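For reference, the structure discussed in these notes is given below.
Keep in mind that the numbers below use all heavy atoms, side chains included, and drop hydrogens, waters and symmetry copies. Every chain is numbered from 1 and lettered A, B, ... according to where its sequence line falls, protein lines coming before strand lines. Quick caveat, the model's predicted, so the values are computed rather than measured.
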Amino acid sequence: MTRYYVTTAINYPNGAPHIGHAYEAVATDWLARFARADGRDVRFLTGTDEHGLKIAQAARTAGLAPRAYVDRMVEAFVTMADRLAISRDRFIRTTDPDHARAAQALWQRMADAGDLYLDRYAGWYSVRDEAFYGEGETTLQADGTRLAPTGTPVAWLEEESWFFRLSRFQQPLLDLYARQPDFVQPASRLNEMRAFVEMGLRDLSVSRTSFDWGVPVPGSPGHVMYVWVDALANYLTGAGFPDAGCDRWWPADLHVIGKDVVRFHAVYWPAFLMSAGLPLPRRVFGHGFILNRGEKMSKSAGNVVEPVALADRYGVDSFRYFLLRSIAFGQDGEWSHEAIATRINAELANDLGNLAQRTLSMIARAGGRVPARGEAGPAEMALMEKAQTLLSHCREAHAAVRPDLALDAIFALVAATNLYVSERAPWSLRKTDPAAADTVLWHAAEAIRRIAILLVPAMPERMARLLDLLAIPEDRRNFIALDCELRSGVELPSPVGLFPRVETDQPERVTSQPV
RNA sequence: GGCGGGGUAGCUCAGUUGGUGAGAGCGCAGGAUUCAUAACCCUGAGGUCGCGGGUUCAAAUCCCGCCCCCGCUACCA
């Protein structure tokens with residue numbers, strides 16, 4: 001039994017969760033559930049990144065203390081995780097007490113390694129924004145003053161800061177990419193990271209004195225850890241670091257992240273860990289964004305959609321299926337109500353739902369028990385052959401972090417089973433050769449059983465219903481039990497529809513209100 | 001500007017050691033069927049494979065030039 005520690009990025013709760021958060025959570029949940037069903041020892045971590053200047057500012061605007069503010073904002077993320085059936089083992093918050101301990105332990109290790117030093121951080125600072133901006137972000141006015149992207153004036157300011165000797169790690173990182181080309185996926189992201197590192201690395205400012213909403217730097221009053229040392233350390237916290245036994249989970253097998261934070265996970269994070277003398281995660285996968293009508297969602301564009309609303313409208317499992325199936329994981333994808341409805345109707349209602357319904361209702365009419373298996377002919381052998389090779393295809397897709405390909409393979413069997421039933425026409429055989437009709441229904445039901453088990457990670461609730469309809473015991477719903485064939489004579493419950501068709505006529509907009 | 005990826009049927013895409021007549025799903029049209037959620041099954045519609053050259057007996061697949069799109073090019077996360 002191999003262990004599998006998988007994480008999402010932690011989310012910054014300065015707004016409501018959007019479909020992108022849901023996408024990453026559902027995809028990672030599929031990975032975790034798949035590994036569990038496959039008998040692996042799984043730990044699945046997700047959570048929120050709650051420190052930093054922006055949170056502090058937002059809290060002040062809201063008239064709340066930072067802690068009270070994040071307590072309120074995090075609720076929506078927990079609600080979303082619950083509603084989308086995200087089977088996390090822990091929802092970590094960077095304000096959790098054990099996280100500060102882990103982050104400080106990581107810091108101390110980097111300090112002990114001699115990779116942290118005190119210097120001055122200088123940049124264009126906006127007093128009104130209380131933020132530094134890169135020179136490229138600022139604009140020089142005709143009168144010689146310089147403005148931040150927010151339109152506020154900036155001034156050159158220097159601040160005492162701890163620095164991390166990132167420059168030391170250029171070659172070790174390049175070695176890592178060469179030795180382990182799948183450390184960053186998709187491969188195009190690795191290329192980008194390699195190019196970035198090859199340009200040379202500057203040391204990184206990793207503490208701040210201009211605000212205090214963060215993890216205190218050990219032994220350095222007035223400094224809080226800045227940005228990514230704090231955030232990235234959550235993966236260690238989730239493994240139990242720095243306590244003994246954390247090597248049960250660390251290093252992580254996979255960090256699932258958005259393509260926008262690949263650099264932090266593929267450059268800074270391994271550098272921090274190398275400095276600290278800790279093992280590196282095995283793999284970082286940067287997925288794409290989900291766009292609506294070709295535009296990235298943003299609050300100002302008014303096209304932010306609440307994922308929970310979509311789950312309510314289409315059903316949790318149908319929504320999960322859409323997210324997993326319709327986007328090649330790693331690429332950007334599009335969503336629309338029409339696309340969701342089409343996917344649900346064509347694949348869940350017409351193909352899978354109808355296959356289950358037609359098969360189970362014929363069985364119900366023939367006595368309501370799993371029919372006799374009978375003698376398999378060429379058609380049955382061919383169908384079973386396809387069904388039996390499916391697991392290995394799905395495992396490949398799982399290893400490649402491609403839920404879309406796994407579902408593609410599973411639905412190929414759905415199609416093959418529909419074709420099998422149509423060609424064998426058990427409704428006709430019933431009149432001439434009842435035993436042959438039973439044989440067809442048994443094999444169709446057996447294929448459905450395997451399909452349902454393999455679809456549990458994607459659609460846990462609906463597939464549990466389907467497996468109920470096949471009277472499969474709870475302990476026979478994992479991949480280890482895939483070869484436990486349907487047993488003839490077992491009484492089955494009355495079939496019920498699983499995936500009703502969705503109306504596509506007048507898609508109402510499901511839009512969030514500004515928070 | 002530099003580096004990297006991509007432009008294939010209405011839509012989303014698959015298709016590189018160059019070679020049977022260029023594919024899948026969705027959508028559309030027709031047919032068949034009636035077990036089933038007006039579902040399943042069959043058939044079809046034909047797209048200059050971004051543009052222009054070149055190599056070759058033969059190129060979507062190799063080479064050159066051009067056009068367009070996207071990603072990365074460090075401290076907002």
Side-chain angles (χ1 to χ4, degrees), chain A residues 9-15 49-55 57 121 123 129 131-134 136-137 148-150 161 163-164 166 186-206 208 226-231 258-264 267-268 286 288-289 294 325-328 331-334 336 338-339 342-343 345-366 404-405 408 411-412 414-415 417-430 437 440-441 444 495-502:
Chain A
I10 47 177
N11 298 312
Y12 207 64
N14 61 342
D49 173 18
E50 305 183 10
H51 289 133
L53 182 62
K54 285 201 170 174
I55 290 287
Q57 287 173 334
Y121 176 79
D129 297 347
F132 281 93
Y133 293 98
E137 292 181 290
T150 53
S161 171
F163 279 78
F164 173 71
L166 184 63
S188 56
R189 299 289 163 204
L190 178 73
N191 292 337
E192 291 176 358
M193 289 307 105
R194 184 187 293 115
F196 175 80
V197 173
E198 281 172 347
M199 288 191 305
L201 295 172
R202 298 202 295 270
D203 288 350
L204 203 59
S205 165
V206 289
R208 279 299 143 86
Y226 191 54
V227 198
W228 287 99
V229 182
D230 174 3
K259 64 182 183 181
D260 53 334
V261 291
V262 168
R263 194 178 69 234
F264 303 98
V267 179
Y268 302 166
F289 292 145
R325 174 68 185 87
S326 42
I327 296 138
Q331 300 186 338
D332 287 348
E334 283 188 46
S336 64
E338 187 186 4
T342 296
R343 196 56 85 169
N345 285 340
E347 294 171 19
L348 296 181
N350 295 355
D351 291 344
L352 176 59
N354 184 52
L355 171 64
Q357 185 72 2
R358 68 197 299 211
T359 304
L360 291 170
S361 57
M362 280 187 276
I363 290 175
R365 215 170 308 106
D404 53 303
L405 293 182
D408 195 44
F411 273 76
V414 173
T417 308
N418 264 320
L419 179 56
Y420 165 76
V421 172
S422 293
E423 287 185 337
R424 299 286 288 148
W427 54 92
S428 297
L429 288 173
R430 180 63 59 199
V440 174
L441 293 180
V496 295
L498 292 169
F499 297 105
R501 288 177 61 84
V502 174

Base, sugar-phosphate, or nothing: which does A:Arg501 touch, judged by heavy atoms less than 4.0 Å apart? base

Looking at the side chain of A:Tyr121, which of B:G71, B:C75, B:U37 is the nearest nucleotide? B:C75

Using the C1' atom as the reference point in each nucleotide, state the distance between B:A22 and B:A59 in Å, no decimals. 12 Å

For A:Glu347 and B:A24, give me the distance from atom CD to atom P, rounded to whole Å. 16 Å

Pairwise P distance for B:G50 and B:G6, with rounding to whole Å: 13 Å

Rounded interatomic separation in angstrom, taking CG from A:Leu190 and P from B:G4: 14 Å

Nearest whole Å is fine: how far is B:G71 C1' from A:Arg194 CZ? 16 Å

For atom P, what is the distance between B:U17 and B:G4, given to the nearest Å? 22 Å

Please work out if A:Gly200 contacts a base, only the sugar-phosphate, or nothing of the nucleic acid, heavy-atom cut-off 4.0 Å. base

Atom P, compared across B:C69 and B:C26: separation rounded to whole Å: 32 Å

Could you tell me if the ring centre of A:Phe264 sits under 6.0 Å from that of A:Trp228? yes

Taking atom C1' in both B:G54 and B:G27, what distance in whole Å separates the two? 40 Å

Which part of the nucleic acid, if any, lies within reach of A:Tyr268 when heavy atoms closer than 4.0 Å are counted: base, sugar-phosphate only, or nothing? base

Counting only Watson-Crick or G-U wobble pairs whose two distances fall under 3.5 Å, which nucleotide matches B:C49? none

Nucleotide of B:C35, B:C75, B:C41 approaching A:Leu204 most closely (side-chain heavy atoms): B:C75

Which part of the nucleic acid, if any, lies within contact of A:Ser188, taking any heavy atom under 4.0 Å across all strands shown: a base, the sugar-phosphate backbone alone, or nothing? nothing

Does A:Arg263 put a side-chain nitrogen or oxygen below 4.0 Å from OP1 or OP2 of B:U73? yes

In terms of the nearest nucleotide of RNA chain B, which residue is placed more toward the 5' end: A:Gly497 or A:Arg343? A:Arg343

Would you kindly compare A:Pro426 and A:Asp351 by the position of their nearest RNA chain B nucleotide and give the one closer to the 5′ end? A:Pro426

Can you tell me which nucleotide in B:A36, B:A39, B:C26 comes closest to the side chain of A:Arg358? B:A36

Could you pull out the closest heavy-atom pair between A:Arg501 and A:Asn345, with the gap in Å? CA-OD1, 3.2 Å

Between B:C26, B:G71, B:A74, which nucleotide gets closest to the side-chain atoms of A:Thr342? B:C26

Which part of the nucleic acid, if any, lies within contact of A:Leu166, taking any heavy atom under 4.0 Å across all strands shown: a base, the sugar-phosphate backbone alone, or nothing? base

Does a distance-only test, which skips hydrogens and angles, find a donor-acceptor pair under 3.5 Å between the side chain of A:Asn354 and the base of B:A36? yes

Just the rounded figure in Å: distance from P of B:A39 to CG of A:Leu348. 15 Å

Rounded to the nearest Å, what distance is computed from the CD1 atom of residue A:Ile363 to the P atom of nucleotide B:A36? 13 Å

Just say parallel, tilted or perpendicular for the rings of A:Tyr121 and A:Phe163, cut-offs at 30° and 60°. tilted

Atom pair CG (A:Leu166) and CG (A:Leu201), whose distance is rounded to the nearest 0.5 Å: 4.5 Å

Answer with base, sugar-phosphate or nothing: what part of the nucleic acid does A:Arg189 contact at a heavy-atom distance below 4.0 Å? sugar-phosphate

Send over the distance from A:Phe411 CZ to B:G25 C1', rounded to a whole Å. 13 Å

Looking for any heavy atom pair under 4.0 Å, which part of the strands does A:Asp203 touch: base, sugar-phosphate only, or nothing? base

Can any side-chain N or O of A:Tyr226 pair as donor or acceptor with the backbone N or O of A:Gly52 at less than 3.5 Å? no

Distance between the C1' atoms of B:G71 and B:C66, in whole angstroms? 22 Å

Checking base pairs now: Watson-Crick or wobble, both atom distances under 3.5 Å. What partners B:A36? none

Choose from B:C40, B:C35, B:C26 the nucleotide whose nearest atom is closest to any side-chain atom of A:Ser361. B:C35

Looking at A:Gly333 and A:Ile327, what are the two nearest heavy atoms and their distance? CA-CG1, 3.8 Å

Across the strands shown, which category fits A:Leu360 at heavy-atom distances under 4.0 angstrom: base, sugar-phosphate, nothing? nothing

Of the listed B:C35, B:A14, B:A74, the closest approach to the A:Gln331 side chain comes from B:A14

What nucleotide among B:C40, B:C75, B:U37 has an atom nearest to a side-chain atom of A:Tyr226? B:C75

Under 4.0 Å, counting only non-hydrogen atoms across every strand here, what does A:Gly52 touch: a base, just sugar-phosphate, or nothing? nothing

Atom pair distance, as rounded to whole Å: CD in A:Glu192 and P in B:G5: 10 Å

With a non-hydrogen cut-off below 4.0 angstrom, is A:Met199 in contact with a base, only sugar-phosphate, or nothing? sugar-phosphate

Reckon A:Arg365 touches a base, only the sugar-phosphate, or nothing at all at heavy-atom distances under 4.0 Å? sugar-phosphate

Taking every heavy atom of A:Leu355 against every heavy atom of A:Val414, the minimum-distance pair comes out as CD2-O, 4.0 Å

Tell which nucleotide pairs with B:C28, taking only Watson-Crick or G-U wobble pairs whose two distances are both under 3.5 angstrom. B:G44

If pairing means Watson-Crick or G-U wobble with both distances under 3.5 Å, then the partner of B:G71 is B:C3

Provide the distance between the two C1' atoms, one in B:U73 and one in B:G53, to the nearest whole Å. 33 Å

Which nucleotide, B:A36, B:U73, B:G71, lies nearest any side-chain atom of A:Gln357? B:A36

Gap between atom OG of A:Ser361 and atom CG of A:Asn354 - 0.5 Å precision: 8.5 Å

Expressed as a whole number of Å, how far does the C1' atom of B:G7 sit from that of B:A45? 25 Å

What nucleic acid atoms does A:Asp332 come within less than 4.0 Å of, heavy atoms only: base, sugar-phosphate, or nothing? nothing

For the residue pair A:Arg263 and A:Phe196, would you count it as a cation-pi contact if the rule is NZ or CZ under 6.0 angstrom from the ring centre and within 45 degrees of the ring axis? yes

Counting the atoms with a prime plus P, OP1 and OP2 as sugar-phosphate, which does A:Asp49 contact under 4.0 Å by heavy atoms, base, sugar-phosphate, or nothing? sugar-phosphate

A:Met193 CE to B:C3 P: how many Å, rounded? 17 Å

Heavy-atom distance under 4.5 Å between the side chains of A:Arg325 and A:Asp408, does that happen here? yes

Between B:A74, B:U34, B:C76, which one does the side chain of A:Trp427 approach most closely? B:U34

Sugar-phosphate only, base, or nothing, as touched by A:Tyr12 at under 4.0 Å among non-hydrogen atoms: sugar-phosphate

